[in-house]
Amino acid sequence: MTPSLVWGNMLHEVMQMCFGDGDWSEKGVDEKIGGVVSKGLEDLLSINVSVEQAKREVKIRAKGLKTFSERYIAQEPKPEAVLSNTRQQQGQKTLLAIPQLLDVEEDIWSPSYGLKGKLDASVQAVISETDTTPNPFTIASRKPNVSQSESLTMPFEIKTGRAVAGMEHRAQTMLYTLLMSERYKTDVPSGLLYYTQSDEVIRVPAARNEIRALVIARNRMAAYMMRRTRSKTWRHRSHENTQAIHVDAREEVNIEAEPFLPSTIDDARICGKCYVLDTCMLYRKAVEGVIDDHSDIADMYALKTSHLTPTQTTFFKKWEALISMEEQDLIKFRKEIWTMGAEEREEKGRCFANMVLDVEYQYNPNTPQSTSKREGKIHQFTYRFIKANSEDTTLLNGHMSVGDAVTVSIEPDLLALARGFIVQLTPHQVVLGVDHLVDLQSVRRRNWLSSEALVIFRIDKDELSGGMGRIRDNLAQLFYAEGDTKRRELVVDLKPPTFIDFDGPVVSKNEPVAKTISKLNTNQQLAIRKVLSAQDYALVLGMPGTGKTTVIAALIRVLVAMGKTVLLTSYTHSAVDTILRKLKDDADFGILRLGNLDKIHPDMHQFTLSSLGAATSIEQLEHRVMTPSVVATTCLTIDHALFSRRHFDYCIVDEASQVTLPTCLGPLRFADRFVLVGDHFQLPPLVRNRDARKGGMDVSLFRRLSDAHPAAVIDLTEQYRMNEDIMLLSNKLIYSDRLRCGSQEVAKQSLRIPNRGYLRKLHLGSSCDSNDCWLNRVLDERCKAVFVDTDGIPAHDSRVGDLVQNITEARLVGQVTEALLRCGIEQQQIGVISLYRQQIKLLSYLLEDWKDIEILTADRSQGRDKDCIIISMVKSNDLGQIGDLVKDWRRMNVTFTRARSKLIIFGSHKTLQAAPLLEEFFKLMDSKGWILSLPPNADQLHEGVSSRTLSKRSSDSGARDRLCLKDELRPPKRPRRSDISGDVLAKGRPILKDLFNEY
DNA sequence: TCTCTGCAGAGAGGA
């Protein structure tokens, strides 16, 4: 971020506002500048400039706006409204008037041209020629010499910097004519380029030969990118033929990334001024392996890269390749938005096709409005969409869930009309928070439709690949000449971390802190002491329930009491908020929570900038972001302006065993020392691409460092969560008895049922024998861990496209849950877990009326606990298909260890016992007599339970009226195999050369 | 064998 960038940004916005309201008066412009500047405080913060100065700077640059408007904003061209044309011939004079604004900041994606762009303004302009001499423009538009006025649709590009029309500006404007002609379905023979410094408007003809050259250049660049992604050169040196199996063979995997970029320009003058020089030279050295002692830029090259050792360049090369592999899996989905019809993609579960805007919907947010760009710039408007034909299938079948990023489009040409994410999802409607106004009338106008025409939208899951760019940057930051040398040595070279002697117990003069510490057990106190003695980093391995959160919270208190600042991060929002919850009530220091408001837990909104209202001065904002001792955010959200100004004493990364190495690196460079907290017996980082996984991308930094330096690790083994029955499972199956109960109280706890009367009532006049009733037995206080075997019913799983669900099991879970609640258990005490997303959606719908019951996937449940956990294992079939998810013992470990007093697992004994880990699990459960086999029709025995759920639902209003479980939970449509051949992809649209999509 | 997490991002000038 540089000042001129910021002023440019702001001036753009001011001018766009003037275009919008037609008020170009000095007063009007001043007011707009005031508004824009106070909205952009975050930018001012990062360049360290006051509001007053910013206003002055923008004002100077906005001086010409008045003249511009007087000259050009008119119905017909005025004599002084000169339009320059760099290709103009002698004696020619062209005049311009802009009578109408069509749009500002229009986002246009064009699959036909393989281009995207964001237009400063789209205008309807009148152009008159006062000379009839032929010129390139008239030739380009193939029109005869014109002397009269002509009304044209044109892109209007604003340039606030250098006052000369550079090649890039012309090229950009020319490509915009291409995009615009497609979106407006009309000829766009030229574009407008306005330079604020010189008050000049230049006409850029869409010259055919130049556009052709640009598209060729675009394709060449795309070819380079594709060559890399298609490259078969990432070979893994196979160990299959060798006898020597290393403990961690992945370290031996050799990844060969071929050079994939155009060769460097090697021009000292050009390269010396280039803003990507550091990155360019790093790739030249590490990936391309260029040896250069003679070229024009040899000195520059040496300056930027001679500090790198072979180990370091190899490390960079390897991780760069891993990131690229992983990126492939994202690009794969991403290109579908460009090439696949809505219905086809809906079948794959990544699109809602045939949607219409629900015009009656009014959004009523109960969260505070965001005040800063970062906290929800994307959530500007809220809309509800419903299926055009209401009898269509439910929206719950598919890969799209609340929180997912989406794009809203109208086929064929209005792609990505708005972008945003899912706020709410029910079977028949979806609520979106988006960045652009969705106005039906303007859409109809745009598509030449009548004012009554039905507008059909498609809502696509958007695979944001932006995260990849960030982690690439994280990685590169380690290797730059001016980069993070300390982390380079520790992470790449595995330099041993140093610890100073730290004698005696941890004491603090601060009384509350002393009290906090005294409450910790010996183990936990050791962990704190380890951190305090660490000069570089410390690793805390916390087994389930051992109080990782407590230790982190205590650690933060101790550090802050010592006058230290702390950057607290984790990969997920929920983990960050879990720790803040511990600090929430009695922290006597400042806490700032950064991130998307819609994703931050409502209880933590008090720590966000929004909760304070809009800042009125830069000093106020500065105070708010620079002074809090603790800043909390996710690993990926480290692009807030404050990071360009602040440096912390400590960075704590929670759940570090779940974060990939380059992601984890991100926050570390903003602090002197770091603390990683995790447990590699729980879930590893999620890596989609198989090759990337094989190459070792799922080895977290936590794992890398703890393997290399066991002395830096401190174990937390005393757990305070599970009673001894529940702990037994994890201890026998995973931790080899290392886990201990922290107290007798914990070991013996059980879920107390306040009111068993409900169960008696349920069985009055029921066919179910209450003495032997499965519900009765499951709810018994002595029953602390139980596997409820559904084989007797049976409860088969079913598929929805790629997804798996189990309807009967969902209903059983519903019944137990309702029984628990009616017996007096609080909603907050219950958590429901399944490994499968589709099952989660089903359960969420069934248990919709109890908002405080948490329903989580196994992966999301990590770090959480509840008094009573109900697990739905889902897989139940005669083919013995168990799926990979169950086979990962780390995932099973997580799900089993979430419960404090009662663990109820529903599943098919027969199906699941085929998994080795579960086989042992069943042996153990059996030996303890903890397996309960359900009788046939167990799901039908307690009609009172389930029908109540249903009747309650059907009394609700709206689309849900039409629903009943049978309908809602009906078996899925079998997905049709799509026949992809090149020419059907773009529905007849011309793809010039769609290299990027490989077709 | 089908699952899990986050992330806005093209363009704002430079010369």
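Because only heavy atoms are used, hydrogens play no part in the values below, and waters and symmetry mates are left out as well, while side chains stay in. Quick note on labels: first sequence line is chain A, next is B, and so on, each numbered from 1.
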(Q) What I want to check is whether the side chains of A:K63 and A:Q197 have a donor and an acceptor closer together than 3.5 Å. (A)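 Their side chains do not contain a donor-acceptor pair, so the 3.5 Å distance test is not met.
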Q: Answer yes if the side chains of A:H12 and A:D120 hold a donor-acceptor pair under 3.5 Å, and no otherwise.
A: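 Side chains of A:H12 and A:D120: pair found under 3.5 Å.
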Side chain of [X] only, please: which of [options] is the nearest?
X: A:K118; options: B:dA12, B:dC7, B:dG11; result: B:dG11
X: A:D120; options: B:dG14, B:dT3, B:dA12; result: B:dA12
X: A:T857; options: B:dC7, B:dC4, B:dT3; result: B:dC4
X: A:S4; options: B:dG14, B:dC4, B:dG11; result: B:dG14
X: A:R419; options: B:dT3, B:dG6, B:dG9; result: B:dG9
X: A:T637; options: B:dC7, B:dT3, B:dG11; result: B:dC7
X: A:R837; options: B:dA15, B:dT3, B:dG13; result: B:dT3
X: A:L686; options: B:dG6, B:dC4, B:dA12; result: B:dC4

d([atom1], [X]; [atom2], [N]) in whole Å:
X: A:K159; N: B:dG13; atom1: NZ; atom2: P; result: 5 Å
X: A:L665; N: B:dG6; atom1: CG; atom2: P; result: 20 Å
X: A:I158; N: B:dA10; atom1: CD1; atom2: P; result: 19 Å
X: A:E57; N: B:dG13; atom1: CD; atom2: C1'; result: 14 Å
X: A:R891; N: B:dT3; atom1: CZ; atom2: C1'; result: 6 Å
X: A:E157; N: B:dA10; atom1: CD; atom2: C1'; result: 11 Å
X: A:L594; N: B:dG6; atom1: CG; atom2: P; result: 16 Å
X: A:N596; N: B:dG6; atom1: CG; atom2: C1'; result: 11 Å

Whether [Y] and [X] form a salt bridge (side-chain N of Lys/Arg under 4.0 Å from carboxylate O of Asp/Glu) is what I want to check.
X: A:E57; Y: A:R61; result: yes
X: A:R472; Y: A:E327; result: yes
X: A:D107; Y: A:R419; result: no

Q: Indicate yes or no for a side-chain donor-acceptor contact from A:T897 to the backbone of A:N893 under 3.5 Å, with no hydrogens or angles considered.
A: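 It does hold such a pair.
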Q.
On the nucleotide B:dC4, are OP1 or OP2 found under 4.0 Å from the side-chain N or O atoms that A:H399 carries?
A.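 A:H399 to B:dC4 OP1/OP2: no side-chain N or O under 4.0 Å.
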**Q.** Short side-chain N/O contact from A:Y176 to OP1 or OP2 of B:dG11, under 4.0 Å
**A.**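 Yes, A:Y176 has a side-chain N/O under 4.0 Å of OP1/OP2 on B:dG11.
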Which part of the nucleic acid does [X] contact within heavy-atom distance under 4.0 Å: base, sugar-phosphate only, or nothing?
X: A:T160; value: sugar-phosphate
X: A:Y275; value: base
X: A:E105; value: nothing
X: A:K116; value: sugar-phosphate
X: A:T2; value: nothing
X: A:Q658; value: nothing
X: A:L835; value: sugar-phosphate
X: A:V804; value: sugar-phosphate
X: A:D462; value: nothing
X: A:G117; value: sugar-phosphate
X: A:Y571; value: base

Q: Please state the C1' separation for the pair B:dA12 and B:dA8 - nearest whole angstrom.
A: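 Nearest-Å result for B:dA12 against B:dA8 at atom C1': 15 Å.
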Q. More 5' along DNA chain B: A:W109 or A:D859, using each one's nearest nucleotide?
A.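 Result of the comparison: A:D859.
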Q: Establish, yes or no, whether the cationic atom of A:K599 lies under 6.0 Å from the six-membered ring centre of A:F421 and within 45° of the ring axis.
A: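 So A:K599 does make the cation-pi contact.
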Q) Between A:F670 and A:F643, what is the ring plane arrangement, given parallel below 30°, perpendicular above 60°, and tilted in between? A)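 Tilted.
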**Q.** Pair assignment for DNA chain B - dot-bracket with | for other-strand partners, Watson-Crick or G-U under 3.5 Å
**A.** ...............
Q: With sequence neighbours left out, write down each residue that passes ring-ring contact (aromatic ring centres under 6.0 Å, His included) with A:F702, or none if nothing qualifies.
A: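 Expected list: A:H680.
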Q.
Which residues pass the side-chain hydrogen bond (donor to acceptor under 3.5 Å, both in side chains) test with A:R345, not counting sequence neighbours?
A.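 Testing A:R345 for side-chain hydrogen bond (donor to acceptor under 3.5 Å, both in side chains), a comparison that skips the adjacent residues, returns A:E336, A:D460.
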